[in-house]
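Below is one structure, written out as structure tokens; the observations come after it.
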2 protein chains.
Amino acid sequence: MTTPDVRRAGNGSGKITREAVLAAALEIIDRDGADALSMRRLARVLDRDPMIIYRHAPGKAALLDGVAETVLGQLQVDCADPDWAGQLREVARRYRALALAHPHVVPLIVTRPLATPLGLRPAGTLRPLEDILALLTRAGFSGPDALHIYRALFGFIHGHVLDELQELVENPDETDDLLRLGLHRLPIGEFPLLRGLAPVLGGYKGAAELERGLDILLTGLTTTLPPPGATRPPAPAQHPAS
Amino acid sequence: MTTPDVRRAGNGSGKITREAVLAAALEIIDRDGADALSMRRLARVLDRDPMIIYRHAPGKAALLDGVAETVLGQLQVDCADPDWAGQLREVARRYRALALAHPHVVPLIVTRPLATPLGLRPAGTLRPLEDILALLTRAGFSGPDALHIYRALFGFIHGHVLDELQELVENPDETDDLLRLGLHRLPIGEFPLLRGLAPVLGGYKGAAELERGLDILLTGLTTTLPPPGATRPPAPAQHPAS
DNA sequence: ATGATAATGTCAACAACGTAGACCTACGAT
DNA sequence: ATCGTAGGTCTACGTTGTTGACATTATCAT
């Protein structure tokens, strides 16, 4: 870093907003993961003293919550969509897109609310829940049924996204699936099936898997719960290739 | 075994095994969460110098992986069960029981494999996968289909367990659901539906929810994929492991 | 028994961490 | 002028994970 003007502690110019802090934190996490986020490093990115951060967030934990909130807050739900099942599909797809865009944030989204009661969670985290409840009650479902559907959907999405991220590999340069997945290091005798499935594991397509899961989930839901109104059956939907 | 010989710096008696280290680590995590686990505190529990730990694990990260592995390693699969669907059900129930017994370990199980390619993960983590592949191929499924079923099942389980843990609340003493969930702190205008569903949220029963989800999933799977069992068993029914 | 070799435990030290507390500026309202 | 408040900076404390050197003990061929 060539700094001709040596200020003792780096200070840029202009005010620092909470959004700027969170954006910088997200940048670090996206690049190097959540463990790489330290107050001092974040301050270096902001070109300020580490202590300013505490003017915009009460502590590091709140900061992580804030990052998770900003990402999850980008998930939009169209409460007015008359085709509730289709809307749930799109929400799932958008969620997956968000997760792939910010893979290092997914652990935060999934993990941090574990110790926090519902009402104490940041508002941005609760917005999708409320919106989906709105969508479903507007479609005629009872409150408890809507809640049940929300749980089933997000349970599925969380699980799917985690599983898909687990299958991502860092060096896609390697052509041989066995090597790319590191499967050659496994004891041959103990994991014969796993090793044999290397090519299938390598060719994993998350988007298709998501659609298949959604088919199962939505048909299951519409047959289990009374689909209100004189609306149509679920319609297995078209699969966009990707 | 019982040597009440007190040496200068904390050292107990007897040898320290890797299992003992992991057990102590699990104890700390179960009590106070993963963040509370520090090398020094772990050493205090073991009544030894902090540095011994490095003789049994290359670092803290490996230690966390080890804890996740020991817990997940307790999940047993009966590969020989002829009723594959029933066996998957039981696996799901056992997984849930494990998660409820060690709630603080779930984030580790779910999060740590995210950066590690399949083959480099600890063997105990891969055992359930291999076992379920064995169960399903023995039931007549093709390799890719078996893998698909595994993904669907564990995606669902992961999601369900995370969602259920999020609904657990720390002070179940409070009688009023609104207060217990902290929902009274939410802006009334912004989250009307959510607040209205407080009693339903409070009465969440994870076991029933799991069974409902399993119903949906398993029926969906058996209709989507060719269930090889009852009607006509195809040729390679028996496949000796070699 | 003897000495060599490895395993195992101990200690001090380091750099980096989160954050409390004091201090300093700048500025709009009185 | 004076005050309150918000934003920004600096120092310092206690803790963390880990390194490298050192000490002790076990193992084993000779």
Check: dG9(C) base within 3.5 Å donor-acceptor of R55(B) side chain: yes
Which residue lies more 5' along DNA chain D, comparing R41(B) with P58(B) via nearest heavy atoms: R41(B)
Taking atom C1' of dC17(C) as reference, at what distance in whole Å does atom CG of L42(A) sit? 14 Å
In whole angstrom, what separates I53(A)'s CD1 from dA6(D)'s P? 20 Å
The side chain of K60(A) lies closest to which of these nucleotides: dG18(C), dG8(D), dT16(D)? dG18(C)
With heavy atoms under 4.0 Å as the rule, sort M39(B) into base, sugar-phosphate or nothing. sugar-phosphate
Has R121(B) got a side-chain atom pairing as donor or acceptor with L126(B)'s backbone, closer than 3.5 angstrom? no
Whole angstrom is fine here: how far is it from NE2 in H56(B) over to P in dT8(C)? 6 Å
State whether Y54(B) places a side-chain N or O below 4.0 Å from either non-bridging phosphate oxygen (OP1 or OP2) of dT19(D). no
Hey, are R112(A) and Q166(B) close enough side-chain-wise for a donor-acceptor pair under 3.5 Å? no
May I have the distance from D47(A) (atom CG) to dG8(D) (atom C1'), rounded to whole angstrom? 13 Å
To the nearest angstrom, how far is R48(B) atom CZ from dT8(C) atom P? 13 Å
Output field: ring centroids H158(A)/Y95(A) closer than 6.0 Å: yes
The side chain of M51(B) lies closest to which of these nucleotides: dG20(D), dT19(C), dG7(D)? dG20(D)
Looking only at non-hydrogen atoms, find the nearest pair between G124(A) and P128(A) and report the distance. O-CD, 3.4 Å
Which atom names give the shortest non-hydrogen contact between D163(B) and G155(A), and what distance separates them? OD2-N, 3.2 Å
Nearest of dC17(C), dC10(D), dT16(D) to any side-chain atom of R40(B)? dT16(D)
Please report the distance, rounded to the nearest Å, between CG in D35(A) and P in dA16(C). 17 Å
Of P50(A) and P50(B), the one whose closest DNA chain C nucleotide lies more 5': P50(B)
Taking only the side-chain heavy atoms of R44(A) (C-beta and beyond), determine which of dG9(C), dG17(D), dC17(C) contains the nearest atom. dC17(C)
Rounded off to whole Å, could you give me the CG-to-C1' distance for the L37(B) and dG17(D) pair? 12 Å
Closest to the D49(A) side chain: dC10(D), dG17(D), dA21(D)? dC10(D)
Atom pair distance, as rounded to whole Å: CD1 in I52(A) and C1' in dG7(D): 9 Å
